[in-house]
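Presented below is the structure to which this report refers.
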There are 2 protein chains.
Amino acid sequence: MKKFILAENDLPQQWYNILPDLPAPLPPYLNPVTHEPLRPEDLAPLLPQTVIEQEFSQERWIDIPEQVRDIYRMWRPSPLVRADRLEKALDTPAKIYFKYEGVSPAGSHKPNTAIPQVYYNAQEGVRRVTTETGAGQWGSALSFAGSLFGVAVTVYMVRASYHHKPYRRSLMHTWGAEVFPSPTERTQAGRDILAKDPDSPGSLGIAISEAVEDALAHDDTKFALGSAMNHVVLHQTVIGLEAKRQLELAGDYPDVVVGCVGGGSNFSGLVFPFMADRLSGERPETRFVAAEPTACPTLTRGAYTYDYPDTAGLGPLLPMRTVGHGFMPAPIHAGGLRFHGDAPTLCALHDQGYIEARAYDQNEVFAEAVRFARHEGFVMAPESSHALRGAVQEALAAKEAGQERTILFGLSGHGHFDLGAFDAYLAGQLEDYTIPQAQLDEALSQLPKIERI
Amino acid sequence: MKKFILAENDLPQQWYNILPDLPAPLPPYLNPVTHEPLRPEDLAPLLPQTVIEQEFSQERWIDIPEQVRDIYRMWRPSPLVRADRLEKALDTPAKIYFKYEGVSPAGSHKPNTAIPQVYYNAQEGVRRVTTETGAGQWGSALSFAGSLFGVAVTVYMVRASYHHKPYRRSLMHTWGAEVFPSPTERTQAGRDILAKDPDSPGSLGIAISEAVEDALAHDDTKFALGSAMNHVVLHQTVIGLEAKRQLELAGDYPDVVVGCVGGGSNFSGLVFPFMADRLSGERPETRFVAAEPTACPTLTRGAYTYDYPDTAGLGPLLPMRTVGHGFMPAPIHAGGLRFHGDAPTLCALHDQGYIEARAYDQNEVFAEAVRFARHEGFVMAPESSHALRGAVQEALAAKEAGQERTILFGLSGHGHFDLGAFDAYLAGQLEDYTIPQAQLDEALSQLPKIERI
């Protein structure tokens with residue numbers, strides 16, 4: 001057996017919420033204005049009620065609505081594959097499995113949360129949702145979800161990507177969304193940036209500010225976030241829950257789970273169902289590796305403190321490891337990893353030693369992606385290639401140590417929208433970026449002055 | 001239940017060969033020089049021995065080598081999905097199923113034959129295979145296959161596509177193939193064309209001539225064809241065999257099966273396992289609909305006669321319905337459907353009334369693809385959209401007649417490489433092309449003078 005497929009009936013019926021299982025309570029989110037602990041009602045202008053409840057819920061298991069499962073079934077359960085050709089190429093005693101999310105209509109894991117978010121909005125009569133997108137994975141997933149539920153979608157797309165990744169934009173248009181290059185003249189946040197820098201290439205932080213402002217200004221409109229927050233991570237746990245069941249079928253359990261980290265929802269969605277076993281003491285030895293780009297080194301070089309999710313400071317202050325909401329990451333092709341912070345739950349577990357973090361340069365991750373494609377067929381997204389790089393390091397370490405090791409990594413999306421980047425890599429034209437300490441210090445110096453967590 | 005997944009153990013162990021079940025023997029292929037019936041040994045310089053045997057075999061079932069099945073398992077069995085949201089949108093009593101081949105590493109059905117073709121070449125010590133490609137689906141599938149078996153791949157890519165579809169080229173490079181824009185200066189066939197027209201945009205027929213000439217000129221090199229011939233169709237029957245088993249699980253059997261036709265291997269691969277039941281009298285009522293573009297109307301407006309598969313006339317004369325090997329189809333986005341002929345088996349069955357053919361314009365097929373994306377999520381290739389259009393017509397006819405109808409169509413590939421075309425469609429910039437009769441007559445007048453079949 002090479003591929004482990006679950007019957008449709010094995011599609012999880014509940015998401016896993018890690019909040020009640022954390023070793024220590026998560027530090028509270030803070031109101032961006034008062035710096036007081038955020039109350040659920042503070043989020044009401046932005047998010048639908050059920051999503052807010054999920055954000056704060058202490059229930060371990062939360063039902064997946066049947067209408068959401070019905071749509072998940074379009075592509076879920078997603079495949080778990082044993083990468084035995086890669087194992088042979090590496091001549092390693094390790095077993096390498098990957099969970100493949102590239103089979104979704106949007107080509108990545110993002111619809112796992114886009115579908116329930118739009119569903120809950122539709123249930124509560126919301127007519128339109130706004131969002132940010134960088135490289136376009138999240139924006140296209142939300143557009144897809146909007147088309148299924150008849151909810152209009154407005155996407156603020158980082159200007160540099162809007163112009164350099166036109167096909168993601170075409171995908172959003174095909175699903176009927178409206179897409180604007182951010183910063184725009186449509187919002188105060190956008191106008192403020194453009195006044196200072198008319199040629200601003202934009203950033204995720206700016207795009208979030210614009211999407212939030214747009215949602216706040218319209219009664220029938222809410223905002224949807226693609227990563228970082230608890231409810232997003234919750235929805236993504238469908239990945240890890242399936243993977244666990246599939247590995248059970250394979251008679252296996254991972255020694256180490258590796259995922260790439262942008263905002264952290266893909267990583268956490270894969271990891272947390274396994275983390276539950278470590279936290280409960282059932283599997284105390286399992287290791288978890290977070291792979292991030294050197295160009296946006298939140299976990300490896302950021303500060304663990306409170307920061308805004310957006311540039312204008314409209315969103316709640318989140319307890320997270322951050323390189324600063326004003327940090328402008330270099331233009332790496334793994335656009336989905338260019339977020340200045342990470343999911344608070346992930347950051348707390350990282351801070352407590354449950355998660356190791358490693359940062360990789362673009363050239364080394366593309367080298368792995370090309371090797372993988374030539375042995376395992378699938379051409380993966382640059383984001384996912386970071387996880388692959390981590391997995392290969394684990395496999396080579398196992399070989400070095402002469403020991404068996406079961407490795408699971410998350411292949412969060414296919415690379416069919418990123419072939420220009422592969423071209424550049426093959427032509428030797430990719431730059432690696434190491435952030436000068438002075439640039440990091442400058443960005444961190446602009447953090448809100450709140451006592452460290 | 002919405003999606004019907006087969007266990008990996010249900011991956012077919014044999015391909016289905018329709019040759020022994022045809023109502024009348026297939027007219028022989030002819031030697032391109034002597035016009036005598038082609039002998040298997042005539043193909044020896046071009047194809048590996050096992051492939052030649054398969055081309056002429058009268059065995060109904062042919063074993064799939066275990067090494068090929070092992071690679072098929074990367075993405076097979078592919079999903080069969082009930083398009084119930086589309087059914088609701090059409091308000092039809094019909095049931096619509098689609099068999100989804102977009103999950104393969106290359107994003108289309110093409111690897112189903114690329115893998116065994118390269119496997120047999122590798123078994124026989126061939127070091128390099130050459131091929132043609134239009135929009136790039138076939139070239140990328142063969143590159144993928146080559147990378148897995150360590151066989152070098154040389155792709156002659158229609159020049160217009162080489163420049164307009166750079167991402168398919170990048171995909172081939174990622175899998176390690178070499179890709180040349182055809183016509184090239186590397187072959188006599190290419191040089192002859194360039195002498196007449198230095199700006200020639202190329203055509204599939206020209207690219208085949210170049211790939212054949214390259215293979216003939218090198219001892220360690222063979223040629224691989226992506227469609228039309230019997231062995232290609234044979235390999236593609238894995239699609240229909242799986243679909244049949246999946247429909248069994250669903251407790252269903254199609255009243256009509258619809259596929260798009262370029263060279264005919266995707267259509268025939270889906271259809272022939274069902275056709276077997278019609279030919280045997282077990283399911284005498286099943287209908288089969290071939291959907292082609294108005295811009296290359298082989299089945300609806302071509303002649304049923306002998307023609308070359310390539311422009312220079314190097315390949316064997318095939319008994320097929322053709323618009324002439326010199327026909328230059330308009331630049332529609334469904335590049336995979338721009339072949340001047342069709343599989344001889346398909347053409348014979350069409351000629352005998354077992355297959356209906358319909359031709360569609362680009363705008364109507366893109367309109368269906370967009371509607372489908374907004375209800376069923378998946379954004380499909382323009383080629384597959386022709387099959388969708390046929391399926392929707394059947395569903396609307398069933399509604400009109402107030403009758404139930406079970407429709408199966410082939411979704412042969414995803415549209416993630418074709419988003420520029422969706423952009424053009426949404427902007428109202430797509431042209432429809434109806435071929436003037438004079439142009440067809442001119443192309444048909446250049447057919448080799450052989451008594452009609």
Side-chain angles (χ1 to χ4, degrees), chain A residues 1-9 70-71 73-77 79 81 84-85 100 102-107 111 115 140 144-148 150 166-171 173-176 366 369-370 373-379 414-427, chain B residues 1-9 70-71 73-77 79 81 84-85 100 102-107 111 115 140 143-148 150 166-171 173-176 369-370 373-379 414-427:
Chain A
M1 291 263 284
K2 173 157 179 72
K3 191 171 67 198
F4 300 87
I5 295 184
L6 289 181
E8 202 166 278
N9 291 337
D70 187 54
I71 295 175
R73 284 189 192 99
M74 285 182 181
W75 72 95
R76 307 209 68 87
V81 185
D84 48 6
R85 284 164 198 277
Y100 186 43
V103 292
S104 84
I115 296 296
S140 51
F144 157 52
S147 77
L148 296 187
Y167 286 170
R168 290 266 187 195
R169 187 195 348 142
S170 314
L171 193 55
H173 284 153
T174 298
W175 279 315
F366 272 92
V370 169
R374 292 181 184 179
H375 288 98
E376 291 290 334
F378 291 100
V379 175
H414 70 56
H416 293 178
F417 297 113
D418 301 285
L419 288 164
F422 280 88
D423 251 3
Y425 166 72
L426 292 169
Chain B
M1 291 262 283
K2 170 155 181 75
K3 192 172 67 200
F4 300 87
I5 296 184
L6 289 180
E8 202 167 277
N9 292 337
D70 187 53
I71 295 175
R73 283 191 193 96
M74 284 182 181
W75 72 95
R76 307 209 68 86
V81 185
D84 49 5
R85 281 162 202 279
Y100 185 44
V103 292
S104 84
I115 297 296
S140 52
S143 305
F144 157 52
S147 77
L148 295 188
Y167 287 171
R168 289 267 187 194
R169 182 188 2 134
S170 315
L171 193 55
H173 284 152
T174 299
W175 279 315
V370 169
R374 291 181 185 180
H375 288 99
E376 292 290 332
F378 292 100
V379 175
H414 70 56
H416 293 176
F417 296 113
D418 302 285
L419 288 165
F422 280 88
D423 252 2
Y425 166 72
L426 292 169

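All chains are named by letter (A, B, ...) in the order of the sequence lines, taking the proteins before the strands, and each is independently numbered beginning at 1. Just so it is clear, the model here is predicted, and its values are computed rather than measured. These numbers come from the heavy atoms of this one structure, side chains and all, not from hydrogens, waters or symmetry mates.
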Is it the backbone or the side chain of [X] that comes under 4.5 Å from a heavy atom of chain A, or both, or neither?
X	answer
F378(B)	both
L426(B)	side chain
H375(B)	backbone
D418(B)	neither
R85(B)	side chain

How far apart are the closest heavy atoms of T174(B) and V370(A), and which atoms are they? O-CG1, 3.8 Å
Do you know which two heavy atoms are closest between D423(B) and H173(A), and how far apart they sit? OD1-ND1, 4.3 Å
Excluding sequence neighbours, so at least two apart, what forms ring-ring contact (aromatic ring centres under 6.0 Å, His included) with F417(A)? H414(A), H416(B)
Can you name the residues that form a side chain to side chain contact (heavy atoms under 4.5 Å, CB included) with A106(B), not counting sequence neighbours? S104(B), P111(B), S140(B), A141(B), W175(B)
Sort out for me which of G107(A), S147(A), G377(A) touches chain B most, counting heavy-atom pairs under 4.5 Å. G377(A)
Rounded distance [0.5 Å steps], CZ in R374(B) versus CG in L148(A): 11.5 Å
